Amino acid sequence: MEEQERLLVERARTDPAAFSTLYRMYVDRIYNYTYQRTGSHADAEDLTARTFLKALVHLKTFVFRGVPFSAWLYRIAHNAVVNWYRDQHRHRVVSLDALIVSTRESDRLEDWTAARQDQRALLGALRKLPQERQELLILKFSEGLTNAEIGQVMGRTEGAIKSLYHRTLLELREQLRESGTE
Amino acid sequence: MGQQDVAGALATHADGLNGTAMVTAANLPGGESRPELAELSSLAERVKLVLAPVRAPAAYRLKLERDLREVARQRMQGEMQIAEPAPRPEWLIGAAVALVGGIAYLLRSRSRSEHDLSATPQQRSA
């Protein structure tokens, strides 16, 4: 699989059709990742497009050195999300809570036709976690990556990811307790 | 059970949620950490539900693929133009410039000497 992907990436450097194949393999995963990070379909569309455009432009610089193509893509998407957050903070002067409820999560709450109160509370608590911890939970539960794969995306060892996951759950439980929903 | 063991058990439970391991909250290791593990693994199960994956809309997927193909095509075309070999080596261009300059110089000096020869002594002294 990895060898096949390596050959595909090699071909994609000179063949647009091969890049399309890579795109079709990963578009849903990158879209989901950016959606989970922003809570907005419009922003997910924008960030997904930016991610693949950047991948296309920089494909020649990508080399297989223990990091698979998918991890490289997630890193590009992660940087796009970080820039998105920076721009959000630059352009909008509203409280974080208001931002969570009124803008970022509006699409998601519409997606939940029967959104339950505890799901809202959990999502609110998730959003209060540091970015790195949110990312870990998204990669683990929404993208279904293994600890080793998450380690490749986040530049950490598998053991460090396990430990971070434990601390993240503890912090999340604390957030829920503080908000009185646990 | 140490912190590392708890972290390991939670990680295995999470793999079970993702279908990559056969571990559920019910068969987590026992001991004094069991209530803590049960609580955190239950929280993890709720997180997984909240973060249910979504797919990109089909129309968006197709449009972005078309746009990317076009960008890739244009980039490759541009690179091919840049990568085309230079028609002549640099030294040849330099030699051609020098040759043209030399010819121009010769023609100029020749026309000047002809002009000098055809001029009258008065014109020459003027």
Side-chain angles (χ1 to χ4, degrees), chain A residues 12-20 23-24 27-36 41 44-45 48-49 52-53 55-57 59-60 107-108 111-112 118-120 122-123 125-126 137-138 140-147 158-159 161-170 172-173 176 182, chain B residues 1-21 25 33 35-80 83:
Chain A
R13 295 183 213 268
T14 52
D15 177 7
F19 187 81
S20 280
Y23 166 82
R24 285 194 293 271
V27 62
D28 279 328
R29 287 167 65 174
I30 295 299
Y31 183 90
N32 178 54
Y33 172 79
T34 52
Y35 172 75
Q36 301 295 349
H41 284 294
E45 288 187 2
T48 302
F52 280 100
L53 188 60
L56 174 66
V57 170
L59 195 62
K60 282 192 163 60
D107 284 349
R108 185 195 300 272
D111 289 346
W112 291 341
D118 62 335
Q119 284 179 319
R120 285 170 187 261
L122 181 54
L123 192 61
L126 266 170
L137 292 179
I138 289 166
K140 184 177 277 291
F141 289 127
S142 202
E143 299 284 313
L145 300 190
T146 63
N147 291 316
E158 195 176 342
I161 295 297
K162 282 183 188 177
S163 177
L164 181 64
Y165 173 59
H166 181 202
R167 292 199 304 275
T168 301
L169 287 181
L170 289 173
L172 187 60
R173 185 178 64 180
L176 289 167
E182 284 287 289
Chain B
M1 220 178 172
Q3 289 293 300
Q4 222 169 352
D5 297 328
V6 173
L10 285 170
T12 312
H13 168 258
D15 289 343
L17 288 179
N18 285 340
T20 54
S33 305
E36 171 87 345
L37 271 175
E39 195 182 353
L40 292 177
S41 54
S42 159
L43 179 58
E45 285 164 22
R46 287 167 56 204
V47 171
K48 183 157 177 75
L49 282 177
V50 164
L51 296 177
V54 296
R55 291 193 70 193
Y60 165 80
R61 265 206 316 265
L62 284 174
K63 186 184 179 308
L64 182 56
E65 184 175 352
R66 272 201 306 270
D67 291 351
L68 287 168
R69 257 184 188 244
E70 183 56 24
V71 172
R73 197 187 58 76
Q74 283 178 7
R75 279 180 61 80
M76 281 161 199
Q77 238 175 20
E79 279 170 13
M80 275 163 65

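Lettering of chains follows the sequences in order, A, B, ..., and the numbering in each one begins at 1. Since we're looking at a predicted model, the values are computed, not measured.
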Given heavy-atom pairs under 4.5 angstrom as the criterion, report whether the side chain, backbone, both or neither of [X] touches chain B.
X       : value
R13(A)  : backbone
I138(A) : both
A12(A)  : backbone
T48(A)  : both
F52(A)  : both

Rounded distance (nearest 0.5 Å) linking atom [atom1] of [X] with atom [atom2] of [Y]:
X       : Y       : atom1 : atom2 : result
D15(B)  : K140(A) : CG    : NZ    : 5.5 Å
L56(A)  : D67(B)  : CG    : CG    : 11.5 Å
T146(A) : N18(B)  : OG1   : CG    : 9.0 Å

Practice prompt. For the pair Q36(A) (side chain) and A52(B) (backbone), establish whether a donor and an acceptor sit closer than 3.5 Å, ignoring hydrogens and angles.
Written response: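 Looks like yes, one N/O pair under 3.5 Å.
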Worksheet item: Among R61(B), R55(B), E65(B), which residue forms the greatest number of heavy-atom pairs with chain A at distances under 4.5 Å?
Response: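 Sorted descending by pairs with chain A, the first entry is E65(B).
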Practice prompt. Could you pull out all residues at least two apart from V57(A) that satisfy side-chain contact (heavy atoms from CB on, under 4.5 Å)?
Written response: R75(B)
Practice prompt. Grab the two heavy atoms, one from N32(A) and one from V54(B), that are nearest each other, plus how far apart they are.
Written response: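 Closest approach of N32(A) to V54(B), heavy atoms only: OD1-N, 2.9 Å.
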